[in-house]
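Note: hydrogens, waters and symmetry copies are ignored here, and every other heavy atom, side chains too, is used. Values in this document were obtained by computation on a predicted structure and should not be read as measured data. Numbers here are sequence positions counted from 1.
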Amino acid sequence: MSDEANPFESLQEQIDDAAAYVDINDGLLKRLKRPERVLETNLTIRMDDGDLETFRAYRSQFNGDRGPYKGGIRYHPDVSRDEVKALSGWMVYKCATVDIPYGGGKGGIAVDPRELSAAELERLTRAFAEELRPLIGENRDIPAPDVNTGQREMNWLKDTYETLENTTAPGVVTGKALDSGGSEGRVEATGRSTMLTAREAFDYLGRRIEGATVAVQGYGNAGSVAARLLESEVGANVVAVSDSSGGVYTRGGLDAAAVKHHKRETGSVRGFEGADEEITNEQLLGLDVDLLIPAALENAIDAELAQAVSADVVVEAANGPLTPEADDVLTDRDVHVFPDILANAGGVTVSYFEWVQNRQRFYWTEERVNEELERVVCDAFDGLIEAYESYGVPNFRTAAYVVAIKRVTSAHAESGTWP
């Protein structure tokens with residue numbers, strides 16, 4: 001990961017790049033590059049040993065022109081104010097790219113959840129929910145899972161909100177367990193949209209994805225699901241995967257599901273018996289594969305690492321995995337990068353479906369969820385290609401931002417400015 005890259009500055013540079021192709025005045029452009037508000041708070045909880053511990057937490061609400069703020073909550077030691085600002089901004093343009101009626105939000109707590117017990121994590125989550133209470137709601141801001149959070153944390157957040165508000169509001173968060181108002185297909189949604197984007201990308205480029213070799217950097221939920229679906233649904237050949245501890249490689253192809261089971265049992269992909277050899281993350285980037293999927297954290301690939309990328313196609317499962325400098329390097333090298341704000345939008349799209357189901361109190365089958373998700377992703381991909389071919393932009397990321405900025409500015413113009 002690039003230590004120097006600031007994710008918020010990366011977001012602003014991406015917006016500037018696309019704004020050059022859109023008729024937009026400077027005042028509105030400034031609005032599109034800054035959050036509307038950021039909550040920064042300290043959460044003090046009692047630990048299991050009786051001591052008090054304080055944790056810094058954030059929630060950024062970036063732009064609500066197209067609907068309620070929407071975005072996940074992550075638990076990670078490196079969570080910072082600039083990170084959540086950037087992530088909330090990416091959510092604005094992700095939602096606009098796939099044309100779902102949300103703005104952008106993101107939150108997090110600077111904590112290593114591995115160092116806390118389940119009881120401590122519950123107290124921390126409920127303390128955060130209490131601080132978030134004035135800001136969130138089914139029509140205001142709808143949190144969801146992110147790095148190191150999942151159904152359990154969303155259930156705690158929902159329960160705390162409903163208890164304090166003395167109401168029933170399943171749509172206040174998404175990514176919940178099914179029995180708490182969650183949606184079928186939500187757990188796999190981000191990986192599924194990554195697979196769908198890769199499938200559409202190969203088709204557009206006139207290449208066969210069946211048998212294509214794939215390397216996945218980052219083997220959490222998004223990366224592992226994308227790998228499994230690429231293998232099982234479109235016949236790709238996943239030859240290498242990695243996590244923070246390193247990676248594994250097999251020339252003939254790995255069993256993506258078996259690697260995930262091994263990681264679940266051991267905490268790492270390393271040591272997987274079906275691998276020919278163990279490799280570093282840097283070595284994975286340099287493998288001669290057809291498709292690279294960055295699925296780790298933001299700014300994981302800087303300009304120096306981008307020089308080593310040998311894949312012809314990159315599909316981003318992570319949020320902001322390339323620095324702007326890395327983007328420039330890959331563009332100059334004619335590597336086709338299909339951006340995060342399309343490729344990983346399955347998570348927020350199925351979160352939207354969950355929210356709709358919560359509001360209607362009527363729930364869909366997994367088959368319907370997956371069909372609707374495929375429609376949304378494919379329509380968004382077609383819109384991206386139309387912008388790419390019509391505006392003379394240098395890459396697919398800029399094309400996606402052109403689509404998104406035009407939608408956000410249109411919504412702003414229709415609403416007007418008050419006061």
Side-chain angles (χ1 to χ4, degrees), residues 1-2 7 72 74 76 78 83 87 90 94 145-150 186-199 201 209 212-234 236-249 254 256-257 259-260 262-264 267-270 272 279-287 289-302 305-306 309 311 313-323 326-327 330 335 337-348 350 377 397:
M1 179 184 292
S2 172
R74 60 176 51 187
H76 193 277
D78 295 333
E83 181 186 56
L87 291 165
W90 279 317
K94 183 184 302 183
D146 201 271
V147 175
N148 294 325
T149 60
R186 175 61 182 86
V187 173
E188 291 191 348
T190 303
R192 182 168 291 277
S193 64
T194 302
M195 177 274 290
L196 291 169
T197 301
R199 185 194 72 186
I209 196 166
T213 52
V214 182
V216 182
Q217 184 200 41
Y219 214 61
N221 173 267
S224 62
V225 171
R228 177 170 55 78
L229 294 178
L230 281 163
E231 182 182 82
S232 63
E233 298 202 6
V234 297
N237 185 23
V238 179
V239 298
V241 303
S242 69
D243 57 23
S244 58
S245 66
V248 290
Y249 169 74
L254 297 160
V259 177
K260 181 61 176 177
H262 174 79
K263 178 177 171 64
R264 192 179 296 115
S268 170
V269 301
R270 293 174 67 86
F272 177 63
I279 58 175
T280 65
N281 273 287
E282 289 74 17
Q283 289 173 321
L284 180 143
L285 294 177
L287 291 175
V289 294
D290 300 308
L291 171 63
L292 172 65
I293 298 179
L297 296 174
E298 62 272 5
N299 290 331
I301 301 175
D302 59 16
L305 291 174
V309 171
V313 181
V314 176
V315 176
E316 297 179 331
N319 289 311
L322 305 182
T323 66
D327 229 0
L330 295 178
V335 176
V337 178
F338 291 86
D340 50 355
I341 61 172
L342 170 62
N344 72 22
V348 70
V350 177
V377 172
R397 186 187 314 282

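For the side chain to side chain contact (heavy atoms under 4.5 Å, CB included) with Val216, the lone residue among Leu292, Leu254, Val241, Val269 that qualifies is Val241. Considering Arg228, Arg199, Arg192 in turn, Arg192 is the only one that fulfils the salt bridge (Lys or Arg N to Asp or Glu O under 4.0 Å) rule with Glu233.
The side-chain heavy atoms of Leu230 and Ile209, taken from C-beta on, include a pair separated by under 4.5 Å. Side chains of Val313 and Phe338 form a contact here, defined as non-hydrogen atoms less than 4.5 Å apart. When side chains are defined from C-beta on, Leu287 counts as touching Ile279, because their heavy atoms get closer than 4.5 Å. Residues Pro7 and Leu87 have side chains not in contact (no heavy-atom distance under 4.5 Å, counting atoms from C-beta outward).
Looking at every heavy atom in both residues, Ser224 comes nearest to Asn221 through OG-O, 3.3 Å. Nearest approach of Ala198 to Leu291, heavy atoms of both residues: CB-CD2, 3.9 Å. Of all non-hydrogen atoms in Thr197 and Ala343, the two that sit nearest each other are OG1-CA, 3.4 Å. Between Pro321 and Ala318, the shortest heavy-atom distance links the atoms CD-O, 3.3 Å. Heavy atoms only, all atoms of each residue included: Leu305 and Ala300 are closest at CD1-O, 3.4 Å. Between Ile293 and Ala226 the shortest heavy-atom distance is CD1-CB, 4.4 Å.
Ionic pairing of Arg74 and Glu83 is present here: one or more N-O contacts between side-chain nitrogen and carboxylate oxygen are shorter than 4.0 angstrom.
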Does the pair Arg397 and Glu316 meet the rule for a salt bridge (Lys or Arg N to Asp or Glu O under 4.0 Å), with working shown?
-> CA-CA 10 Å; Arg397 186 187 314 282; Glu316 297 179 331; 2.6 Å; yes
Can you list the steps and then say if Asn344 with Lys94 is a side-chain contact (heavy atoms from CB on, under 4.5 Å)?
-> CA-CA 9 Å; Asn344 72 22; Lys94 183 184 302 183; 2.7 Å; yes
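Residues passing the side chain to side chain donor-acceptor pair (under 3.5 Å) test with Gln217: none are found, sequence neighbours excluded. Partners of Arg186 under the side chain to side chain donor-acceptor pair (under 3.5 Å) rule, at least two apart in sequence or in another chain, are Ser351.
Leu322 contributes atom CG, which lies 6.0 Å from atom CG of Leu330 (distance to the nearest 0.5 angstrom). How far OH of Tyr249 is from CD of Gln283: 11.5 Å, rounded to the nearest 0.5 Å. One distance of note links CG of Leu342 with OG1 of Thr194; it measures 9.0 Å at 0.5 Å rounding.
The backbone N or O of Ala256 lies less than 3.5 Å from a partner atom in the side chain of Tyr219, making a donor-acceptor pair. In this structure, Asn148 contributes its side chain and His76 its backbone to no donor-acceptor pair below 3.5 Å. Judged purely by atom type and a 3.5 angstrom limit, Thr213 uses its side chain to pair as donor or acceptor with the backbone of Asp290. Listed for the Asn281 side chain is a donor-acceptor partner under 3.5 Å among the backbone atoms of Asp243. Counting only distance, with no hydrogens or angles, the side chain of Thr190 and the backbone of Gly346 share no donor-acceptor pair below 3.5 Å.
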